[in-house]
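To start, the structure under review is shown below, and the notes come after it.
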Amino acid sequence: MSPAARPAVVLGVGGGIAAYKACEVLRGLTESGHAVRVVPTEAALRFVGAATFEALSGNPVQTGVFADVPAVPHVRIGQAADLVLVVPATADLLAKAAHGLADDLLTNTLLTARCPVLMVPAMHTEMWEHPATQDNVATLRRRGVVVTEPASGRLTGVDTGKGRLADPVEIVDLARLLLARADALPRDLAGRRVVISAGGTREPLDPVRYLGNRSSGKQGWALARTAVARGATVTLVAANTAALPDPAGAEVVRVSTAEELRQAMHKSAANADVIVMAAAVADFRPAHRAEHKIKKTGRDPDPLALTRNPDILVELVAARTPGQVIVGFAAETGDTSADVLEHARVKHRAKGCDLLVVNAVGEGKAFETEDNAGWLLSTDGTERPIALGSKAQLSSEVWDAVVGLLNGELQ
Ligand code: CTP
């Protein structure tokens, strides 16, 4: 696609310290070929100079409605946008947007835009949790604006807590997701709580060694991003995915062993509408975890003696609450007894989940790759093939099927 044909993004920048991270988001968008018009607030320019935004975007920057009046920028900029992205969305900006105030170019743009709007908040925990802010966020979400949950961690000064801006790389990914389906992105998970497991568990043998698997967590990440974009409240239970930054808007619980993952899943599953077990869970763990490094000259006759881990998916199905939709994943290779689909059907029945996403694995397929293909098995016997595509595309198909079940449209 030529740069001109790429969707146009308006990047609104609010007046918070996280404004400097908007530069990285801007860079990510322009490097993907998007035309970006930066519209900062006056306060944002106290943190980052207009020259920086002009140089990085290649477009002029103004904050008020009285410059270049014949071009009517307070109307045209919003009308021409394919996505309005606000980074950071301060408490003040969220309040203005919720109440339809229009006292500068950015707030005018928010009123004239008819494209998707993504607001990525950053502020101190108290400001985020204040009922005024929470009401404003609820109002905006009800109108279809995607307002992500802030990340937790170090805030300005000595404070730590919820309120950090999401990782800029993840903000760009979420923006791309919204742009990819700009006309048709459904908001059909709004108000739903989903919990997703991702990555692969590690079962320690001793302080330095573990039994693990090759799952990268990318499929779970794609599921989380897509669910956030469709309006869900997302908890991502991530096993050993340290290299991946938290998806924008998702609450991330980091775990390592199958037992830790099990406890985190049960805790979040209790009030979830949807559970997706995308993690590769070790079926076995070492029967004994050595306190000290196991020596090859040691006397332990069998340091690799194993014991079975509980099947978390089966437990979650047994503990399911009314109306809850549960999705399992199955990574299969065929063997001499059965092919991939035959193994998957047996697994689907044994697990009792509503949907089973089946991937053929081995020979470079599925693990650590960007693409995925497979089948989606439903309890009514439907076996829908999923064409080879990105993990985001596969995620969309999974959420389409989940929404069908939540709405009672499918069996
Ligand atoms: N799973 C789980 N707990 C386990 C093992 C697997 O919750 N102890 C879940 C996985 O997260 C996945 C599904 O069960 O959603 C299928 O995982 P898979 O490894 O394909 O199946 P297993 O039950 O381990 O069967 P096998 O390894 O014998 O094929």
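Just follow the structure's listing: the first ligand is 1, and inside any ligand the first atom is 1. All figures in this text were calculated on a predicted structure; none of them were measured in a lab. Only heavy atoms go into these numbers, but all of them, side chains included; no hydrogens, no water, no symmetry mates.
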- request: With salt bridge (charged side-chain N to carboxylate O under 4.0 Å, His left out) as the test, would you mind laying out the steps for Arg320 and Asp354 before giving the verdict?
  value: CA-CA 11 Å; Arg320 74 192 308 161; Asp354 301 292; 2.6 Å; yes
Pairwise, report which nitrogen or oxygen atoms of ligand 1 are under 3.5 angstrom from protein nitrogen or oxygen atoms, and how far apart they are.
from, atom 1, to, atom 2, distance (Å)
ligand 1, 3 (N), Ile312, N, 3.0
ligand 1, 7 (O), Ile312, N, 3.3
ligand 1, 7 (O), Leu313, N, 2.7
ligand 1, 8 (N), Pro310, O, 3.0
ligand 1, 11 (O), Ala279, O, 2.7
ligand 1, 14 (O), Lys351, NZ, 2.9
ligand 1, 15 (O), Met277, O, 2.7
ligand 1, 15 (O), Phe329, N, 2.9
ligand 1, 15 (O), Phe329, O, 3.1
ligand 1, 20 (O), Lys347, NZ, 2.7
ligand 1, 21 (O), Lys347, NZ, 2.9
ligand 1, 23 (O), Lys351, NZ, 2.6
ligand 1, 24 (O), Asp283, OD1, 2.8
ligand 1, 24 (O), Asp283, OD2, 2.9
ligand 1, 25 (O), Lys347, NZ, 3.4
ligand 1, 27 (O), Asp283, OD2, 3.0
ligand 1, 29 (O), Lys347, NZ, 2.8

- prompt: Pairs in or reaching into residues 111-136: which pass salt bridge (Lys or Arg N to Asp or Glu O under 4.0 Å), with residues at least two apart or in two chains?
  reply: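 Every candidate salt bridge (Lys or Arg N to Asp or Glu O under 4.0 Å) pair involving residues 111-136 fails, so no pair, neighbours aside, qualifies.
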- prompt: Is there any salt bridge (Lys or Arg N to Asp or Glu O under 4.0 Å) pair reaching into residues 92-102, and which pairs are they, with sequence neighbours excluded?
  reply: Asp92-Lys96, Lys96-Asp103
query: Between Asp206 and Lys293, is the closest basic N to carboxylate O distance under 4.0 Å?
result: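 Between Asp206 and Lys293 there is no salt bridge, as every charged N stays at least 4.0 Å from the carboxylate O atoms.
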message: What I'd like to find out is whether the side chain of Leu211 reaches to under 4.5 Å of the side chain of Leu306, using heavy atoms alone.
response: yes
Return a table of donor-acceptor pairs under 3.5 angstrom between the side chains of residues 249-269 and protein atoms on other chains or two or more places apart.
from, atom 1, to, atom 2, distance (Å)
Glu251, OE1, Thr235, OG1, 3.4
Arg254, NH1, Thr241, O, 3.2
Arg254, NH1, Thr241, OG1, 3.2
Arg254, NH2, Leu244, O, 3.2
Arg254, NH2, Asp246, OD1, 2.5
Ser256, OG, Asn240, OD1, 3.0
Thr257, OG1, Glu260, N, 3.1
Glu259, OE1, Arg262, NH1, 3.1
Glu259, OE2, Arg262, NH1, 3.3
Glu259, OE2, Gln263, NE2, 2.9
Glu260, OE1, Ser256, N, 2.7
Glu260, OE1, Thr257, N, 3.3
Arg262, NE, Glu315, OE1, 2.9
Arg262, NE, Glu315, OE2, 3.2
Arg262, NH2, Glu315, OE2, 3.0
His266, NE2, Glu315, OE1, 2.8
Ser268, OG, Ala264, O, 3.4

